[in-house]
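Nothing here was measured: the structure is a model prediction, and the numbers come from that model.
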Amino acid sequence: MLKFGMNNYKWLFLGLFSSLFLYLSHFGIEYRFLDTILALMFIYTLFTTSKKELFLGGFLTGVLWFWWMGYSFIYYELSYLIPFVILGVGLLYGVLFYLGGIINNLLYKVAYFFALSFLAPFGFNWFKMELLFINSYLGTSKWEFLSILTVTALFIYLQREKRKNLSIIVYAVPLVVLFFINTVNNNTIKNPDLKIYMNTTDVEQDKKWEREYKRTLIEENIKNIDSAIKKGYDLIIFPETSFPLVLNKNQYIKDMLLERSKDIAIIAGALNQKEGLLYNSSYLFNKGKMEIANKVVLVPFGEAVPLPEKLRDIINDTFFNGAKDYEVAKNPTTFEINGTKFRNAICYEATTDEIFKDLDTSYMIAISNNAWFTPSHQPSLQRLLLKYYAKKYGVKIFSVNNKSKSVIVN
């Protein structure tokens with residue numbers, strides 16, 4: 001006779017425990033106690049599940065986290081690839097979880113899943129197990145994550161050895177210590193001495209590059225700048241590619257922005273062309289001068305194909321009409337506005353360690369175009385990752401977006 005219970009569906013619970021925090025956050029439900037319980041249940045289930053169930057649970061986790069990745073193919077007229085993208089992502093994380101069960105040893109599992117937290121397949125680093133704790137009572141640093149893995153493994157070992165009272169003490173005491181450490185380290189960064197207007201936009205991806213709509217969009221941007229000037233703002237921030245053109249080659253629009261920058265600092269996303277090479281960039285117009293920050297980290301398979309040159313060229317020729325990858329800057333850029341420094345970041349790179357290299361400020365401006373992936377929970381996952389990096393590096397992030405809410409993350 002079949003026994004129905006959690007043991008029969010561990011793979012399902014594994015996928016749900018790994019993902020519920022994300023979906024709850026997407027719908028504005030964030031309770032620290034609930035997120036703490038869900039995250040700890042995920043770690044416990046991870047250690048007590050067979051390799052077959054780990055594969056199924058990993059597959060479900062990959063799909064629940066990243067089903068939206070295929071959305072962008074719609075705009076390349078490659079919609080038929082979406083099911084293959086979802087299947088591929090699921091299989092990838094299924095295999096990664098499966099490898100954590102090939103040796104039935106708790107110490108191995110601690111080492112493996114801790115190592116997995118450093119892995120970024122094809123350079124894409126948005127799956128972080130420690131992110132489950134971002135809205136919990138516990139911390140998200142690597143050493144805290146390793147501590148949680150270790151005490152969970154020790155708890156399971158003592159339970160198996162029939163030492164239940166000791167297992168509870170060994171489990172609870174370190175978690176209480178971690179709770180107090182996380183509470184003490186929760187510092188808030190004060191706002192800069194600037195009046196900042198975060199200009200959220202709602203532009204569809206398939207419209208913004210149309211010739212006629214470009215004119216409407218640019219006119220709307222100029223109106224918003226003029227309105228911000230009248231309201232006494234010091235800085236207005238537009239999302240990624242809010243000016244859908246190669247801005248450094250358009251003297252007319254540059255002149256309009258340079259003139260208005262005498263009254264207000266302007267940060268806007270646009271393309272930049274230099275020596276025949278194309279960059280995804282942020283532009284700062286301030287006090288009649290222009291400064292350009294080129295993107296440092298490109299989106300894997302979105303802006304660059306992270307494969308050897310021959311394979312990359314085949315993919316670009318086959319699926320993207322021979323389009324070339326964007327170029328990258330060697331180092332991040334820090335803008336200075338009225339005496340305050342802001343590290344610049346464009347979309348994906350705001351969720352990478354590289355953009356925080358040689359950080360010399362407590363503030364970051366991150367501009368994004370989330371129209372590629374909406375409607376989905378992608379903006380919510382991005383916001384949680386920004387929170388993770390803001391906490392890791394001690395910065396306040398002004399995240400200004402197209403097709404999703406702009407937020408200040410601390």
Quick one, [X] and [Y] - any side-chain contact, counting heavy atoms below 4.5 Å?
X    : Y    : answer
L40  : F155 : no
M290 : L247 : no
K392 : D353 : yes
L138 : E144 : no
Q378 : W372 : no
K403 : E204 : yes
T152 : Y171 : yes
L87  : V63  : no

ring-ring contact (aromatic ring centres under 6.0 Å, His included) partners of residues 197-217, not counting sequence neighbours, each pair once: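 Those involving residues 197-217 are Y197-Y233.
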
ring-ring contact (aromatic ring centres under 6.0 Å, His included): which pairs involve residues 352-371, sequence neighbours left out?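 ring-ring contact (aromatic ring centres under 6.0 Å, His included) check on residues 352-371 returns F342-Y363, F356-Y389, F356-Y393.
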
Pair T150-F114, side-chain contact (heavy atoms from CB on, under 4.5 Å): steps then yes or no: CA-CA 10 Å; T150 303; F114 181 62; over 6 Å; no

Does [X] reach the main-chain N or O of [Y] with its side chain, forming a donor-acceptor pair under 3.5 Å?
X    : Y    : result
T45  : L14  : no
S406 : N401 : yes
K128 : Y388 : no

If you compare all heavy atoms of [X] against all heavy atoms of [Y], which two are closest, and at what distance to 0.1 Å?
X    : Y    : value
A371 : N402 : CB-ND2, 3.6 Å
R260 : D226 : NE-OD1, 2.8 Å
N199 : P239 : O-CD, 3.3 Å
L235 : I266 : CD1-N, 4.3 Å
L131 : L384 : CD1-O, 3.6 Å
S281 : I292 : CB-CG2, 3.9 Å

Got a second to check how far [X]'s [atom1] is from [Y]'s [atom2], nearest 0.5 Å?
X    : Y    : atom1 : atom2 : answer
I218 : N250 : CD1   : CG    : 7.0 Å
I355 : N331 : CD1   : CG    : 9.5 Å
K52  : L54  : NZ    : CG    : 12.5 Å
F66  : S376 : CZ    : OG    : 11.5 Å
L257 : I264 : CG    : CD1   : 11.5 Å
E240 : L271 : CD    : CG    : 9.5 Å

Can a side-chain donor-acceptor contact be found between [Y] and [X] if the only test is distance below 3.5 angstrom?
X    : Y    : answer
Y112 : N105 : no
R32  : S136 : no
N370 : Q382 : yes
N286 : E291 : no

Looking at [X], I'd like to know if its [atom1] atom is crowded, meaning that more than 12 non-hydrogen atoms belonging to other residues, nucleotides or ligands lie closer than 6.0 Å.
X    : atom1 : answer
F180 : CZ    : no
Y31  : OH    : no
N104 : CG    : no
K195 : NZ    : yes
D255 : CG    : yes

Does the plane of the ring in Y283 sit parallel, tilted or perpendicular to the ring in F285? Use 30° and 60° as the thresholds.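 Parallel.
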
Which residue in the set D35, N135, L24 passes side-chain contact (heavy atoms from CB on, under 4.5 Å) when paired with I29?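 Looking at D35, N135, L24, the match for I29 under the side-chain contact (heavy atoms from CB on, under 4.5 Å) is L24.
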
Enumerate the residue pairs fulfilling side-chain hydrogen bond (donor to acceptor under 3.5 Å, both in side chains) with a member in residues 266-279, sequence neighbours excluded, ordered by first and then second residue.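 Of all non-adjacent pairs touching residues 266-279, those that pass side-chain hydrogen bond (donor to acceptor under 3.5 Å, both in side chains) are N248-N272, N272-N294.
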
How about Y71 and Y75: are their ring centres within less than 6.0 Å of each other?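 No, ring centres 6.0 Å or more apart.
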
Among residues at least two apart in sequence or on other chains, which ones pass salt bridge (Lys or Arg N to Asp or Glu O under 4.0 Å) with E30?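 Counting only residues at least two positions away or on another chain, E30 forms a salt bridge (Lys or Arg N to Asp or Glu O under 4.0 Å) with R383.
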
Once salt bridge (Lys or Arg N to Asp or Glu O under 4.0 Å) is applied, do any residues pair with K287, and if so which ones, sequence neighbours excluded?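 Per chain and number, K287 pairs via salt bridge (Lys or Arg N to Asp or Glu O under 4.0 Å) with no residue.
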
Using the rule given for side-chain contact (heavy atoms from CB on, under 4.5 Å), can you reason through F13 versus M41, listing the C-alpha separation, both sets of side-chain angles and the distance that settles it, and then say yes or no? CA-CA 9 Å; F13 284 100; M41 286 300 293; over 6 Å; no

Report all side-chain donor-acceptor pairs from residues 88-102 shorter than 3.5 Å, counting only partners two or more places apart or in another chain.
none

Check step by step if side-chain contact (heavy atoms from CB on, under 4.5 Å) holds for K295 and C347. CA-CA 9 Å; K295 198 169 186 179; C347 198; 4.2 Å; yes

Among W67, F27, W65, the one residue meeting ring-ring contact (aromatic ring centres under 6.0 Å, His included) with H377: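 Result for ring-ring contact (aromatic ring centres under 6.0 Å, His included) with H377: W67.
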
Pair L217, K207 - check side-chain contact (heavy atoms from CB on, under 4.5 Å), show working. CA-CA 10 Å; L217 182 57; K207 287 184 66 178; over 6 Å; no

